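Please read the structure below before turning to the comments.
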Amino acid sequence: MTTIAQLPSAPSVGSGDLLPISQAGTVYAATVSQVVAGLQTQISVPTGELLGRVSTGAGGPESVTLGTGLAMSNGALFANGGDHAGFPVQAAMTLADELVVNANGEPSLLPVTALRGLFSAGNGVSISGDGVIGVTVSSVAGPAGPQGAAGPVGPAGPAGPAGVGLSGPTAGSSASSVGAADYVALWQNGALAWMPYGQFLGGQTIDQLPAAGPVADGDQLLVAQGGNTMSVQNFGALWSYVQSKLPGVMPQVVELTANTVLDATDHNNRVLVASAPITLTANFANIGAGFSCTLINLAPGVVTMGTGIASGSGTAVLPPGAATELLGLTYSGGSMVWWSGVVPNAPTITVGSISPPMMNTAFTVNGGIFNDAPTALDYSTDGGNTWTAAPSPVITLNAYSLVIPGLAAGTYTVRVRDHNNAAVVGVSNSFTVAAPTITLGNVPSSVAVNAALALTGTVSPASSAVQVGLSAIATTAPAAWVNTVTNNGIWTASLTPTAAGTVYVWARQDVNTSVQAVSGAVSVVVPALSVTAPSTGTAGTALAVTGSVAPVADAVNVQLATQNSAAPSTGWTAATNANGTFSAALTSAAAGTYYVWAQDPASGLTAVSGAISVAAASNGLTYGINAPTGSFTHGSGTIPLNGAITPAQNVATQVALSTSNTVAPGTGWQAASVINSNSLWAIYYTTPATAGSYYVWVQTTAGANTTVSSFTIAVS
C-alpha cells in the first residue's frame, strides 16, 4: 500500500483539483474549493491595497509593501524590471548561461546553446556543435581533398532542458476499483515513471504496510493454495487448523543425570526423567510465570527439591517411582516455582538400569530404598515365580546392591523385594543375555610379506575384549595374541606376517577363549609385478595391456611413456585386476616408440614392457604407384616416379626405394610433389648408389597409408 509520502509533489494546487473524502463509509471526490468553502469570511480592503501576514506568529492580515521590481496595475501584481538594475553586469555570454524567456505566458529558462536552433546554415556555411560558424570548402572551391586524421574529442556540451516527463493515463474522478492492468505513478532514477498496478503489488515489501492493531478472528492473511495465486484466509480458520494439529504435538523427554538448575529453554513443557538421585534448584528469573514441567523419578534414590522451589506440603523430596508437576507462578503474594509436595509414603524399593551381562557371568544389581528398612533382600529372574535370598547384600539407609549369579541366554527382568515385607517389590528394565559370539570381517586371500593386515569384526556382548593372532595351521591356536580396539561391539586390529607361506587369522574373546573365529587361508607372498604389451600398434587405436601382480588383491596402475628408464610420477590409469591378473587398454595419440609402465602402489614395485612401435593412423587415402620406363644406372641421374592419390587431397607425401617389399625403409625417404588437382604425386628420385632391383615405397610424411609397389625397378 502506497503512503502519501511516497507520491510525487504537486507543482501547484487549484480550486478545481480533487481530494479524496469519506462520507458514510464511501470514498468520494471533492474539489479544493468545496473543501475550503466557508473557512474564511470575506475581507474588504481599499483599492490598490495588498494584504498578507508580515508579523511573526498567527494573526489577521496586514498591509504588504511592494518591493523594487513589483507594482500593482488594474488589480494585478506584476514585475516592472526595477530590480534588474542591481544585477551584476556579465562581460561575455558563455554556453553554460541561461536566458529568461516568456513561453506561452509563463517565464522559463532557455539555455544559450538552444538559441542556435533558431538559425540554419545556408549553402557553403556550417555551424559546429560549439557554435562556430564556418565555410564549407566543397561548395565554393571544388571537391574536398583527402581527409586528415581526426582531432581530439571536444568537451561535452551543457545538459539540455528537462523534458516534460512520462505521459501516463489520466482520470477525472476517483477510481471505484483497482485492477492489475491499471497504472500507478512512481519516481525512479530521478524521473517520473508508470507501472501496472499488478506489478506494483508483486514488488511491495512488508515495511510499506501500516501497523495492524490487535488480531481478531475476522482479520485476514494472504495465502497461496495450489499455486502462486494469492487468496485470503481469516485467523478464525487458522485457529481451527492449529487445533487439528495440537493432538499430534508431544512434549520432549529430557533425562537428568546430575544436579540441575531449571530454566525455560531446556525444561519448559518437557517431561523430565531423573535417572540418578539428584537435587533440583530454580531461579524464577530464568523461568517466568507459566513455566511447567513434569518430573518422574526413575532413580534408585530420591530427588531433592533445592533452593528456589517451594513445596505445598513442606516435603522436599520426591521418592523413587513417584512423579509430580512443577509450575512457575506469579500472584499477589509474589513469584515462585511451586510443586505440591504430595508424595506416596508407602515403602518403596527400586531397581537401577541393568545392562545386558555376559552369559553365565555374575553381575551386580543396584537400587534405592524409600521409607523402608530391610535387613535382607530376595531377587527373582523368572517374573516372581521363584525367589532367591540374595547372598550378602549391601544395604544402607537409601540404597542397596546385590550380586546375581550368571544367567543362561534369554530375556529377563530382575525383581528385588524386602525379605521381611514381601509386598515391597521393585522391578528392573527388560534385558537380554545373549550367547557370546565373535566374527571376522573379510580377510584378503593374499598379502605381502611385512605388509600390515588390517582386520575387523564384531563381538557380543558388545563390551567384551577381543584378541587376534596368526597361526600356520587352521586347527592350532596362535602362540601369541594381540589385543584389539573394541567400540560398541565392533573390534579392529592389525597384524603383520613376517615370512612367506600360508597363515590363518584367529580371533577370540579374552575372558571366554572358547568363543573364537578362524579365517580362510591367507597366502603370504613376496611382492611381484610384470607387464606385457604388443610390439606394434596404430595411433588412435587401443593397445591391449596385460600382466600379473602379487599379492593378487593389490591394485595396479598403468600408463604409456616414450622412455623406459624411469617410472612416471603422475598420469597413471587404474587397471582391472582379476585375482592377480590385470588388464588395461591404452591408446597413443601419435606415431612413435612407446613403453607400458605398471605400478603396484601397495608394494611400491614398478615394471616396464618392451618397445611398442606405433604407426600413424590412416586417414582413408590410397596411394597408387606407376612403373617408370627407361633404363637407370646406379649413382647417376634420377628416376621419374609418380602415382595416384585417392581420394584427391593435398597430403604431404614421401617416397623411398628398398630391395625389400616387406620391411619399410628406415632411411632414404624423399619428399614428393602433389599435383594435378591433388590427385597425383610425382618425384624425380635420386638413383640408388648400388645396383639392384628396387621396390617403390610411398607413405605420408607422418608414416601412414604406407604402400609398396608390386614391381621392381632394375638399376644397373
Side-chain angles (χ1 to χ4, degrees), residues 533-545 559-563 571 573 584-596 609-715:
S535 59
T536 61
T538 303
T541 302
L543 300 170
V545 178
Q559 75 162 291
L560 281 176
T562 57
Q563 49 79 33
T573 299
L586 300 175
T587 304
S588 61
T593 299
Y594 293 88
Y595 303 86
V596 175
S609 73
I612 307 170
S613 178
V614 177
S618 173
N619 57 5
L621 65 83
T622 300
Y623 284 113
I625 304 175
N626 298 322
T629 58
S631 60
F632 308 100
T633 304
H634 70 277
S636 175
T638 59
I639 302 175
L641 299 173
N642 61 57
I645 301 176
T646 307
Q649 54 189 287
N650 186 13
V651 56
T653 301
Q654 60 185 10
V655 179
L657 298 182
S658 174
T659 58
S660 171
N661 67 345
T662 59
V663 179
T667 60
W669 292 97
Q670 298 179 22
S673 299
V674 178
I675 60 177
N676 196 24
S677 300
N678 300 325
S679 65
L680 188 71
W681 62 267
I683 186 176
Y684 285 98
Y685 192 89
T686 302
T687 306
T690 303
S693 295
Y694 290 90
Y695 291 93
V696 180
W697 289 78
V698 184
Q699 64 180 202
T700 67
T701 56
N705 309 100
T706 302
T707 305
V708 62
S709 66
S710 59
F711 58 85
T712 59
I713 300 174
V715 178

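These numbers were taken from a predicted model, which means no experiment stands behind them.
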Less than 4.5 Å apart, any side-chain heavy atom of [X] and any of [Y]?
| X | Y | result |
| --- | --- | --- |
| Thr562 | Tyr595 | no |
| Thr638 | Tyr685 | no |
| Tyr694 | Thr659 | yes |
| Leu543 | Pro534 | yes |
| Val655 | Val696 | yes |
| Asn626 | Phe711 | no |
| Ser710 | Ile625 | no |

Of all heavy-atom pairs between [X] and [Y], which one has the smallest distance, and what is that distance?
| X | Y | answer |
| --- | --- | --- |
| Phe632 | Ile713 | CD1-CG2, 3.8 Å |
| Leu641 | Pro628 | CD2-CG, 3.8 Å |
| Ala542 | Thr587 | CA-OG1, 3.3 Å |
| Gln699 | Thr706 | NE2-OG1, 2.7 Å |
| Leu586 | Val596 | CD1-CG1, 4.0 Å |
| Ser677 | Ala648 | O-CB, 3.7 Å |

Spell out, as yes or no, whether a donor-acceptor pair under 3.5 Å connects the side chain of [X] to the backbone of [Y].
| X | Y | value |
| --- | --- | --- |
| Asn705 | Thr700 | no |
| Thr701 | Gln654 | no |
| Thr633 | Ser631 | no |

Euclidean distance, [Y] [atom2] relative to [X] [atom1], rounded to 0.5 Å:
| X | Y | atom1 | atom2 | answer |
| --- | --- | --- | --- | --- |
| Tyr594 | Leu560 | OH | CG | 7.5 Å |
| Leu657 | Trp697 | CG | CH2 | 12.0 Å |
| Leu680 | Ile645 | CG | CD1 | 7.0 Å |
| Asn678 | Gln649 | CG | CD | 8.5 Å |

